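The shown structure was predicted, so the numbers you read here are calculated from the model rather than taken from an experiment. Values below: every heavy atom of this structure, side chains too, minus hydrogens, waters and symmetry copies.
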Amino acid sequence: MKKIEAIIRAERLQAVQDALDELGVSGLTVTEVMGCGRQKGYTEQYRGSRVNISLLPKLKVESVVSTDVVDKTVDAIVAAAYTGETGDGRVFVWDVEQAVRIRTGERGEDTVRHEARVGWGY
C-alpha cells in the first residue's frame, strides 16, 4: 500500500476528484494548508506598511491506495492539477506498513481495495 499526498491549487480540486473517481479512487482526505515554494509569495500593503506574504493557501489531498494503482493515481493527479504555472504543486508517495478498518478490525491491503473503491481516506 502507498499513501499519496498531493499539494495542489484549490481551484483544481474538482478536476483532481473527477480524475480519481474515474480510477475508482474515492477515499480522500482534503485539508486546507499554507505553504511556500518557488512562488515565493507576494507583497501587499497593510495599514500603510508593506508586508511580505510568503505562505500561500493550498490544498493537501491524501489517499492510501493499492500498490498496483499508484502510478495511474499519480499520473491522474498530475494531469488534473496541471495549469503550467508556477505553484501547481507537488505529489509525494509514501510506503504504508499497515492499515486497519476500525469498524471490522480488518487489516492490510483489503482495507483499501474493495469492489468499486480502490482508495481509502481517513
Side-chain angles (χ1 to χ4, degrees):
M1 295 175 290
K2 301 286 186 175
K3 177 180 180 184
I4 298 174
E5 262 182 36
I7 309 299
I8 64 170
R9 296 171 181 266
E11 64 269 18
R12 301 305 301 159
L13 177 61
Q14 190 61 55
V16 169
Q17 277 187 281
D18 293 345
L20 294 178
D21 281 344
E22 286 182 28
L23 289 177
V25 177
S26 58
L28 299 177
T29 300
V30 178
T31 310
E32 292 180 348
V33 296
M34 301 288 285
C36 63
R38 289 190 178 160
Q39 277 181 294
K40 305 281 192 239
Y42 58 95
T43 302
E44 67 179 35
Q45 292 286 102
Y46 180 74
R47 295 188 177 187
S49 299
R50 292 178 59 95
V51 179
N52 185 26
I53 309 297
S54 61
L55 299 177
L56 299 173
K58 299 289 182 178
L59 293 179
K60 179 164 61 169
V61 179
E62 301 171 273
S63 188
V64 176
V65 299
S66 300
T67 304
D68 57 339
V69 296
V70 170
D71 290 336
K72 288 180 185 177
T73 304
V74 169
D75 291 345
I77 292 170
V78 169
Y82 178 81
T83 68
E85 301 293 323
T86 302
D88 275 352
R90 297 272 192 280
V91 178
F92 304 99
V93 179
W94 308 75
D95 288 326
V96 174
E97 290 185 28
Q98 183 66 269
V100 179
R101 184 179 309 279
I102 294 172
R103 180 178 53 86
T104 63
E106 182 179 17
R107 293 175 178 268
E109 200 152 322
D110 288 341
T111 64
V112 299
R113 188 187 316 217
H114 283 284
E115 301 148 24
R117 291 179 49 208
V118 179
W120 176 72
Y122 41 131

Do Lys60 and Glu5 make a side-chain contact, defined as non-hydrogen atoms from C-beta onward lying under 4.5 Å apart?
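The answer is yes; the side chains approach within 4.5 Å.
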Using side-chain heavy atoms (C-beta onward) and a distance below 4.5 Å, is Leu13 in contact with Val61?
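Yes, close enough: below the 4.5 Å cut-off.
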Can you sort out the partners of Glu11 under salt bridge (Lys or Arg N to Asp or Glu O under 4.0 Å), two or more places apart, ordered by chain and number?
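Checked Glu11 against salt bridge (Lys or Arg N to Asp or Glu O under 4.0 Å); matches are Arg9.
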Distance-minimising heavy-atom pair for [X] and [Y]:
| X | Y | result |
| --- | --- | --- |
| Ser66 | Glu109 | CB-OE2, 3.3 Å |
| Ala76 | Ala19 | O-CB, 3.9 Å |
| Val100 | Gln98 | CG2-CG, 4.2 Å |
| Ala10 | Leu59 | CA-CD1, 3.6 Å |

Do side-chain atoms of Thr83 reach the backbone of Glu85 as a donor and acceptor pair under 3.5 angstrom?
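Between the backbone of Glu85 and the side chain of Thr83 there is a qualifying donor-acceptor contact (under 3.5 Å).
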Using only atom types and a distance under 3.5 Å, with no angle test, would you say the side chain of Ser63 pairs donor to acceptor with the backbone of Leu28?
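The answer is no, because no donor-acceptor pair under 3.5 Å joins these two groups.
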Roughly how far, to the nearest 0.5 Å, is NZ of Lys3 from OG1 of Thr29?
8.0 Å
Could I get the full list of side-chain contact (heavy atoms from CB on, under 4.5 Å) partners for Val74, not counting sequence neighbours?
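Listed in chain order: Ile4, Val70, Val78, Val91, Val93.
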State which residues pass side-chain contact (heavy atoms from CB on, under 4.5 Å) with Thr104; sequence neighbours excluded, sorted by chain then number.
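Testing Thr104 for side-chain contact (heavy atoms from CB on, under 4.5 Å), a comparison that skips the adjacent residues, returns Arg101, Glu106.
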Chi angles and distances behind the side-chain contact (heavy atoms from CB on, under 4.5 Å) call for Val69, Leu23
CA-CA 9 Å; Val69 296; Leu23 289 177; over 6 Å; no
Side chain to side chain donor-acceptor pair (under 3.5 Å) with Lys2: which residues, sequence neighbours excluded?
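Residues passing side chain to side chain donor-acceptor pair (under 3.5 Å) with Lys2: Asp95.
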side-chain hydrogen bond (donor to acceptor under 3.5 Å, both in side chains) contacts touching residues 14-25 (sequence neighbours left out):
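Non-adjacent pairs meeting side-chain hydrogen bond (donor to acceptor under 3.5 Å, both in side chains): Gln14-Asp18.
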Quick one: hydrophobic cluster around Ile7, which other residues, with the 4.5 Å side-chain cut-off, linked directly or via members?
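Phe92, Trp94, listed by chain and number.
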